[in-house]
Amino acid sequence: MAECVRTTLNPSHFLLHSTKTPTQNPFFSSISSFEAKPNARNYPKISLSVMSSQNQSQGQTQVPSLDALLNSGRKEEVFASIKASLHNCLSETNLQLTVPGLKSKTRGKVRDIYDSGDYLVLVTTDRQSAFDRILASIPFKGQVLNETSLWWFNRTRHMIPSAVLSVPDKNVTIAKKCSVFPVEFVVRGFVTGSTETSLWTVYKNGVRNYCGNVLPNGLVKNQKLTANILTPTTKAEDHDVPVTPDEIIERGLMTQDEFDEAREKALSLFEYGQRVALERGLILVDTKYEFGKSSDGSILLIDEVHTPDSSRYWISNSYEERFQNGLEPENIDKEFLRLWFRENCNPYEDKVLPDAPEELVCELAWRYIFLFIIPFS
């Protein structure tokens, strides 16, 4: 990337069907400047191809067991590369200074968004966000988010089109411009979480009607809901605010038809994601979707899909026993880092947050990579 140097994962068996860069547009020819500077140090690359095996009889890629992945001897190698990259994260970009045609930069919590006039250039950084704050930078995280989302965008094209046009770099997506709905469609299948807007937090505080969903008494943390529910929030600069479907319409955030279509798509995407994840030994616990409206009036899926940043994943084969014994599920998400900050500071009010311990940063990077290499194919 221009103005930055970063390591790159090299999972040769993680298959993505990315669209080609539209070379007829002169803007895209300048994307080559996203590469690291020629005089940059040589940083380690991670090759994870041995994590998957071939079914010789059927010619199909087999999904390795979660135990095999978690206990693989390659984990030490991956951890070594993570540690070597702790000070080489893609935390900031300034492509508007070096790439012709970029008009402006918007810095999001995780993504840097550049306006090229006709398109948007989205750079997924390694910044780690929670509690509406930047907590740390996690090696390889940006690539994991970008490439995981691309797999899901392609896999769900039959359900809803996305804004993706091209993928010129492992951390970069070129996207259509669209009118973004100021609503996040959060879908939940379990009562869990630790943030102020999480279902468990509001439930234990006595709320029984949340975002238009009536919740029964007697639920306990990490319990599966009888049906998936939608708990939308408004997209605010400081923090997201839970909102009911009626409030969305009354405030003019979406029309009734727009909301109904987006709600139906969100619930269908989540149900599909749960099925795919369960086939891989995972439980997709909750996630969020964002939608926009293109110039022709169609609703597009934007931002990211089913990533470890936007989603919560648990290990399925141990969930029931741990739940019955009152233990937290085995997870592969960022919840443990959120809990560390809650235990060591007030992440909502403290002006300065403590540095995340190096071992937690490395563990989170491993979990992101772990989800990345599970062959969703």
Side-chain angles (χ1 to χ4, degrees), residues 9 11-16 46-79 82 140-141 143-145 147-156 187-193 221-225 228 268-288 304-337 363-377:
L9 281 164
S12 59
H13 285 273
F14 190 81
L15 303 178
L16 299 173
I46 297 179
S47 175
L48 301 171
S49 58
V50 299
M51 291 293 193
S52 60
S53 58
Q54 294 295 319
N55 184 327
Q56 298 297 331
S57 61
Q58 299 181 9
Q60 297 177 339
T61 300
Q62 291 182 324
V63 178
S65 70
L66 290 172
D67 287 341
L69 286 173
L70 287 169
N71 299 315
S72 169
R74 296 297 307 280
K75 184 174 181 179
E76 289 186 8
E77 180 184 343
V78 174
F79 256 88
I82 291 170
F140 306 110
K141 178 195 163 185
Q143 181 188 343
V144 169
L145 298 188
E147 297 203 43
T148 300
S149 289
L150 292 172
W151 187 90
W152 283 104
F153 279 133
N154 279 285
R155 190 66 180 263
T156 58
V187 186
R188 307 177 188 274
F190 292 77
V191 186
T192 192
K221 188 179 183 185
N222 303 324
Q223 182 174 346
K224 190 179 190 303
L225 295 166
N228 297 328
S268 296
L269 287 164
F270 187 66
E271 181 181 356
Y272 175 72
Q274 285 184 311
R275 292 202 309 269
V276 173
L278 195 57
E279 291 170 359
R280 275 72 179 175
L282 300 173
I283 296 173
L284 177 58
V285 178
D286 50 43
T287 194
K288 64 97 176 172
E304 60 184 322
V305 187
H306 298 162
T307 71
D309 235 28
S310 64
S311 314
R312 194 188 315 268
Y313 285 96
W314 293 338
I315 305 293
S316 63
N317 63 9
S318 62
Y319 162 73
E320 188 62 36
E321 181 179 356
R322 295 182 69 86
F323 174 71
Q324 294 299 332
N325 291 326
L327 301 174
E328 286 295 309
E330 293 182 289
N331 67 78
I332 331 173
D333 53 44
K334 60 186 178 182
E335 181 70 5
F336 74 96
L337 187 65
E363 177 63 26
L364 186 55
W366 160 250
R367 295 187 187 202
Y368 274 67
I369 294 169
F370 173 74
L371 278 174
F372 180 66
I373 62 179
I374 292 176
F376 287 123
S377 58

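Counting from 1, the numbers follow the sequence of the chain as shown. Just so you know, these numbers use all the heavy atoms, side chains as well, and skip hydrogens, waters and symmetry mates.
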| Judged by modelled atom types alone, do Glu304 and Thr307 share a side-chain donor-acceptor pair under 3.5 Å? | yes
| field | Modelled atom types, side-chain donor and acceptor of Asn228 and Glu271, under 3.5 Å | value | no
| In Å and rounded to the nearest 0.5 Å, what is the CG to CG distance from Leu364 to Leu337? | 6.0 Å
| request: Supply the atom-to-atom distance Lys288 NZ to Arg188 CZ, rounded to the nearest 0.5 angstrom. | output: 13.0 Å
| query | Can Arg367 be said to sit on top of Phe372's aromatic six-ring, NZ or CZ under 6.0 Å from centre and within 45° of the ring axis? | reply | no
| Taking atom CD of Glu320 and atom CD1 of Ile283, what is their separation to the nearest 0.5 Å? | 8.5 Å
| task | Only one of Asn331, Ile332, Leu145 passes side-chain contact (heavy atoms from CB on, under 4.5 Å) with Pro308; say which it is. | result | Leu145
| Would you call Phe190 and Leu225 a side-chain contact if the rule is heavy atoms closer than 4.5 Å? | no
| task | Would you name the heavy atoms of Leu284 and Gly273 that are closest together and state the gap between them? | result | CD2-C, 3.7 Å
| At what distance, to the nearest 0.5 angstrom, does CH2 of Trp314 lie from CD of Glu335? | 9.0 Å
| message | Less than 4.5 Å apart, side chain to side chain, heavy atoms only: is that true for Trp366 and Phe79? | response | yes
| note | One should read off an interatomic distance between Gln274 CD and Leu269 CG, to the nearest 0.5 angstrom, of 11.5 Å
| query | Would a 4.5 Å heavy-atom cut-off, applied to side chains only, mark Glu328 and Lys221 as touching? | reply | yes
| remark: On a heavy-atom basis, the closest approach of Val276 and Trp151 is CG1-CH2, 4.3 Å
| field | Inter-residue atom distance Leu371.CG - Asp309.CG, 0.5 Å rounding | value | 11.0 Å
| message | Taking the ring centre of each residue, are Tyr313 and Phe370 less than 6.0 Å apart? | response | no
| query | Heavy-atom distance under 4.5 Å between the side chains of Asn317 and Ile315, does that happen here? | reply | yes
| With a 4.0 Å cut-off, would you call Arg322 and Glu330 a salt bridge? | no
| request: Would you sort out whether Val285 and Thr192 count as a side chain to side chain contact (heavy atoms under 4.5 Å, CB included), showing the intermediate values? | output: CA-CA 9 Å; Val285 178; Thr192 192; 3.8 Å; yes
| With Ser311, which of Asp286, Thr148, Thr287 fulfils side-chain hydrogen bond (donor to acceptor under 3.5 Å, both in side chains)? | Thr287
